[in-house]
Amino acid sequence: MSGMAVQPVLLWSDALLFVLIGVIVALVLWARRQDALRAAWARVAQNGVAMAAATVLGVFVLIGLLDSLHYRARLESPAGATARYAVEVNSALDALLADLRLRTEKTYSAPLATHLFAREALENSTQREFPRLQYGGAHLGENLSGRGLDIAVRVLRGVGGGLVVWLLLMLLARRIKVGAGGTAVRAVAVTLLPILLLFGVAISLSGGYHVFGTDKVGQDVLYLSLKAIRTGLLIGTLTTLVMLPAALLLGILAGYVGGWVDDLIQYVYTTLSSIPGVLLIAAAVLMMQVVIDTHPDWFATSAERADARLLALCLILGMTSWTGVARLLRGETLKLRELEFVQAAQAFGVGPFAIMRRHILPNLMHIVLISLVMDFSGLVLAEAVLSYVGVGVDPTTISFGTMINTARMELAREPMVWWSLLAAFSFMFALVLAANLFADAVRDAFDPRSSA
Amino acid sequence: MILSVKDLTIHIGAARPVEGVSFDIAPGECFALLGESGCGKSMTALGIMRLLPLAAQVAGGAVEFEGNDLLALPESGMRDVRGGGIGMIFQEPATSLNPVLTVGSQIVEALQLHAGLQGAAARTRAAELLDQVGIPDPRRRLDEYPFQLSGGLRQRVMIAIALAGSPRLLIADEPTTALDVTIQAQVLDLLDDLRRKQEMALLLITHDLGVVARMADRVGVMYAGQLVEVAPRRAFFAHPAHPYSVRLFAALPDAERRGGRLATIPGSVPAADVRHAGCRFVERCSEVMPVCRSAPPPWREVDAGPLGQRVRCFLPGAAPGVAPTVGAGETPLAFESKPLLDVTGLQVHFPIRRGILQRVVGAVRAVDGMSLQLMPGRTLALVGESGCGKTTAGKAMLQLLRPTAGSVLLDGVELTTRSTGELRPLRAKMQMVFQDPFASLNPRLRIGDIIAEGMQALGTGAKSGGDMAARVGTLLEQVGLRADMTGRYPHEFSGGQRQRIAIARALAVNPQLLICDEPTSALDVSVQAQILNLLSDLQSELKLAYLFITHNIAVVDYLAHDVAVMYLGRVVERGSADEVLRHARHPYTKALLAAVPRIDGLGKAVVKLSGDMPSPANPPAGCHFHPRCPLADEACRRSYPAERLFGATHAVRCIKA
């Protein structure tokens, strides 16, 4: 017996995501030792809405992280032979949701349905009927009259299960005496309750049904929505990471230094923003696509190829979306440059880069934070638009964009297929709303003027 | 009584910015509400007009205007009162006019609403109003936009708009605080004139005792949301009765207190959400008695009669005066061999660019050939109206702005030819204290970091972090703060405390020269006294030289050894403080001194200036001052006068002097 049961796979985007998480953890550890920062975060913790939003965000991030632990399963092979691994790359989330992933139907079915959504000619009948689903409601057998009761029982069971888990968590929290004051714990507890109830109900129902129905090729929409979370988080965070340094550097330089530097930077971003963004992105993505397609040897699996395309998209979105933030930052820097504390620093002979770092940058952070969160939701949406034009993520990558894009055709059907749009919309809404609320609270807490 | 306010109380959440304020105003009378910032005087005015911010509400009391209870009127009725019965003008003429509408349309709007005039009739009336407020060529001005007018003219337009509805009461909220003294004198004259001619009552809100002395019939002193003293002007200025009033007078700088210390009021105004069991002034009062802490003081008549002096204090009789600390007077001239700062022919021109190619078509001559010397350990005041180039000159001396021409010698070393890197070692010798303590401290840095910045940048401070922290602590104590405040952020401090921090920051690198750009103009009188005391203590301790840029003549009189008066980018008169302030020779200096409202209420033999300062982009030919000068003749229009010496130090640029 040689080799492990699974072969871990580290995609580039996984690596970047873990680096990001590592940086955040390091920042948190560092901030814990800074009194001022700790006080500011304590103010965030005292804000009930912020902590509720943080809880929701935490759940999303947890799902995204689970979905970033990739592996290739070991194939059955005779003992003694070198281990061989499957071509398919799965994630920890896939393993957890194996039931949902593998129970595919033939085509569309409505949420909690027992039959397909389209009529088909059955084998021993001349009539076109709605065929029974292979998995959805299969446990009911022929007697479909028990479906309502079955669903009610499963919902109750789910609620009960959620409640029990919540109570256990609360007991645990009381046992280990979570500090940080009452507000934070209470807000997290209050938010966790509905989340756990929803989880309970979803788990309980998905044992026998497709909670959000199935899509055109019969995939469970709940599974698709959960998988799309990672793509959304990646596009929102990695793009910002690409964009932010350029926007900060160029925006502040243009505003502070002025003169020909300002002219040059302004020229670059006016030119860049006067080219239609979608066109520029489409061209860049197509170029990248050609590069990827001509070098199949670069990628061991199709997952790696899809991942490279996702990263390329982040990079390209980042290169085209720094202009707006840079313009905002330039304007604000122009204002700050004239303030007396900057002149006081000049009177001490402090160098221009030190002034930009110590005096300009910290006073821009609220703008940076706000525009980042605004951009986060905008980027998730931009991905949908690009998928619509066909230059978005790889078709094999599940994302809110591809879900919304397919919903375009589904809504035109008669009768309408509404559930994949609804699922994508609800998940995206929760994600973006939580991010917005949290960022608001953070900004308020870090603004020394508003905390007086 | 045209206006009668009874027990007006305003709440903002838990805060009580106005509590139990009562006063009456008779037709044609000028009642002044006097108080420091945050005492509730503006809030009282807004409460009368029912223009309070959303969070604030009138919690009790009554406001009767011509027999109507304003607080009971419906909003539509209130709109007729605003502008029609009661006019209001605000502090900042730059923001109280709509920048995208012409002056005429803004006056006509008020005329349509309150006088029912339309079309040509409204326009004619608008021109009359502009004429009435003393704006020359009113017909042409009607079609101009606010940005084309100077601050003084804008404030006149505001007054014209307020007059459009023929109000019986005008509320003027700090109407001249943003204006220069010569313009202030013009606007105050205008208000006084209008009041007498139109029998209009005036509620004047101000922090300036000089303005009160010039304008008011009666005075109400506000402190922490309450009136603490109401008195006729004469009685108030002759014998203020409340301890707070007494201290306000004692805190005023003037020539008699020269070299001595100003009386300050310890502590600060209590926050508006503090509940008071006794007197509100108790923590800062030197005459405090046990009863002051337990019960609110009752109103007491100092002087019987309907218009008598009343005071809210337990002290029998008037509060004892604060003995003026008569200063040591002039410190003897220390004849140093060479000046610390020697400026010759300094010019700062800002190019005006026009057209697509941005060709230079002219220059704003902000500073146009000024020369001055500052001896070590002495104070030179640079005096002038706003826009005369004094701040620009200060920054050019520090090389924060590169001068166009001229030479600046600091301790014999030429600064103008040095590169930024070569200047750095010299930066420790000269530092600046800025005007606005709210803009001069980075809100994101802690106090300790702000003060340590200069030491880090110039490497003058201690080498180790511990030494640096110790030095910051010492500096904080030197400026009257506590060493343990280093971890706080600027917003946790009051204006006066922030200015102390700014001074500590400048002192951190052991400078010999401190350029103070209006360091007290944003501060209240009692706080100003603290800062001025601090500055003079530091001067005697550290032998600092100050270049004191200011428009406040009283501060100059108290503090300066030498004075230079600037007009349109040039020094028109310079000499010792005594020479310039007592024996002024230049007509501009004389007019400037005469325009300062005096608290003894005696106007000097008046040399009133008409008009505004010309634009430095296009200065008049010959003597720059001739268009406003009462003595000007043909010779003045021909060439700029050369400097004439009167005695060893007194130099004047005027052929008539």
Side-chain angles (χ1 to χ4, degrees), chain A residues 31 33-40 42-43 252 256-260 262-263 266-267 332-369 442-452, chain B residues 271 358 391 394-395 397-401 420-446 448-460 487-493 498 501-502 505-506 508-509 511 514-515 517-518 522:
Chain A
R33 285 186 285 117
Q34 309 284 318
D35 292 341
L37 288 175
R38 213 172 49 212
R43 281 198 292 274
I252 295 179
Y256 184 76
V257 180
W260 65 267
D262 186 21
D263 289 347
Q266 276 198 73
Y267 183 79
E332 190 69 14
T333 307
L334 281 178
K335 201 177 90 189
L336 290 173
R337 183 180 72 175
E338 298 304 322
L339 286 184
E340 288 171 346
F341 63 78
V342 174
Q343 291 175 357
Q346 286 166 344
F348 283 122
V350 180
F353 283 97
I355 290 180
M356 286 185 234
R357 188 174 52 80
R358 271 171 74 89
H359 295 290
I360 307 276
L361 183 64
N363 283 296
L364 293 174
M365 283 326 277
H366 61 290
I367 297 189
V368 171
L369 206 61
V442 171
R443 192 202 58 216
D444 287 349
F446 274 81
D447 191 346
R449 284 162 291 194
S450 68
S451 59
Chain B
Q358 298 284 296
T391 296
K395 287 182 180 165
M397 288 173 210
L398 274 183
Q399 308 298 309
L400 288 178
L401 284 171
T420 314
E422 290 169 334
L423 275 173
R424 190 160 298 163
L426 296 171
R427 293 254 180 232
K429 288 190 177 178
M430 47 178 188
Q431 275 304 313
M432 188 152 183
V433 176
F434 294 90
Q435 173 173 12
D436 182 358
F438 291 85
S440 64
L441 304 179
N442 184 346
R444 302 273 164 172
L445 287 185
R446 280 181 278 176
D449 297 330
I450 289 175
I451 295 175
E453 175 157 53
M455 291 189 268
Q456 284 163 354
L458 299 175
T460 54
R488 300 203 198 160
Y489 284 97
H491 71 87
E492 295 170 59
F493 295 90
R498 285 175 191 226
I501 294 164
R505 167 175 65 185
V509 294
L514 214 51
I515 297 185
D517 185 4
E518 310 253 16

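In what follows, chains are A, B, ... by sequence order, proteins preceding strands, each numbered from 1.
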What part of B:Leu441 gets closer than 4.5 Å to chain A, counting heavy atoms only: side chain, backbone, both or neither? backbone

Does some side-chain heavy atom of B:Leu445 sit less than 4.5 Å from a side-chain heavy atom of A:Pro362? no

Return the minimal non-hydrogen interatomic distance between B:Asp449 and A:Arg358, and the atom names on each side. O-NH2, 3.4 Å

Flag side-chain contact, heavy atom, 4.5 Å: A:Leu361 against B:Arg444: no

Name the option with the most non-hydrogen atom pairs under 4.5 Å to chain A; the candidates are B:Met430, B:Arg505, B:Met432. B:Arg505

Under 4.5 Å from any heavy atom of chain A, what part of B:Gln435 do you find: side chain, backbone, both or neither? both

Applying side chain to side chain donor-acceptor pair (under 3.5 Å) to B:Glu492 and not counting sequence neighbours gives none

Side-chain donor-acceptor contacts of residues 337-349 of chain A below 3.5 Å, not counting sequence neighbours, with atom names and distances?
| residue | atom | partner | partner atom | Å |
| --- | --- | --- | --- | --- |
| A:Arg337 | NH1 | A:Gly255 | O | 3.3 |
| A:Arg337 | NH1 | A:Tyr256 | O | 3.3 |
| A:Glu340 | OE1 | B:Asp436 | N | 3.2 |
| A:Gln343 | OE1 | B:Lys395 | NZ | 3.0 |
| A:Gln346 | NE2 | A:Tyr256 | OH | 3.1 |

Counting heavy-atom pairs under 4.5 Å to chain A, which of B:Gly454, B:Ala457, B:Ala428, B:Pro490 comes out on top? B:Gly454

So, for A:Val350 and B:Arg424, which heavy atoms are closest and what is the spacing to 0.1 Å? C-NH2, 4.5 Å

